[in-house]
A.B. asks: 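Sharing a structure with you now.
On a predicted model such as this, the values are computed, not experimentally measured, just so you know. Basis for what follows: all heavy atoms, side chains included, without hydrogens, waters or symmetry-related copies.
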Amino acid sequence: AQKVTQAQTEISVVEKEDVTLDCVYETRDTTYYLFWYKQPPSGELVFLIRRNSFDEQNEISGRYSWNFQKSTSSFNFTITASQVVDSAVYFCALSDGYTGKLIFGQGTTLQVKP
Amino acid sequence: NAGVTQTPKFRVLKTGQSMTLLCAQDMNHEYMYWYRQDPGMGLRLIHYSVGEGTTAKGEVPDGYNVSRLKKQNFLLGLESAAPSQTSVYFCASSLGALSNQPQHFGDGTRLSIL
């Protein structure tokens, strides 16, 4: 069965600190996709990144970076120099290559204090 | 530039009442999904559809029915609402499981069952 685990329920940092959100997944599929979504206090889901199982290159987008390691089944997300606007719930998710349905982790609530 | 539109945004029901949530997308997407979000549990898939006229069960389908009579619409029905169905419901759509595009989410419907 597929499963996504975000062990960190809540994280609190002070602005400008770096923070890493952990994501560990389980799947028997050889082809799969990993995602990160952001849910700000307003409630909508904002897509951040999609990674397929064959692409282990790390990715950087501005202050955001992602570390995908198949050997440890992890897809961690780092925010560099955090800002108050980064305060949100962050979800890691996994999908197969057939139905596209997403399996979400429990989410990590990030609070960035000024 | 509507994307995915959910109707209504808020609703309060009494136990035993029925209602239908409407999801409409204007992106010509084949795949559509209904998720529910409960505190501390992330999003869980209720039902999904991989094309007009087809539907399938997700992780938590009990108590819900769906229909996809038109490609652009995906309806979620509660025949006899129960307090356990109090939740935030999200609809999503995508081009397909292998598409490079991620799932696009609606803004959610907050449903309370008294």
A.B. asks: Please classify the contact of A/Gln6 with chain B as side chain, backbone, both or neither, using a heavy-atom distance under 4.5 Å.
C.D. replies: neither
A.B. asks: For residues A/Tyr25 and A/Lys3, determine if any side-chain heavy atom of one lies less than 4.5 Å from a side-chain heavy atom of the other.
C.D. replies: no
A.B. asks: Under a 4.5 Å cut-off applied to non-hydrogen side-chain atoms, are B/Phe74 and B/Thr55 in contact?
C.D. replies: yes
A.B. asks: Do A/Trp36 and A/Tyr90 have side chains that get closer than 4.5 Å, going by heavy atoms?
C.D. replies: yes
A.B. asks: What I'd like to find out is whether the side chain of B/Gln72 reaches to under 4.5 Å of the side chain of B/Asn28, using heavy atoms alone.
C.D. replies: no
A.B. asks: Out of B/His104, B/Glu59, B/Gln37, return the one with the most heavy atom pairs under 4.5 angstrom to chain A.
C.D. replies: B/Gln37
A.B. asks: Could you look at A/Ile49 and say if it's the side chain, the backbone, both or neither that has a heavy atom under 4.5 Å from chain B?
C.D. replies: neither
A.B. asks: Given heavy-atom pairs under 4.5 angstrom as the criterion, report whether the side chain, backbone, both or neither of B/Leu43 touches chain A.
C.D. replies: both
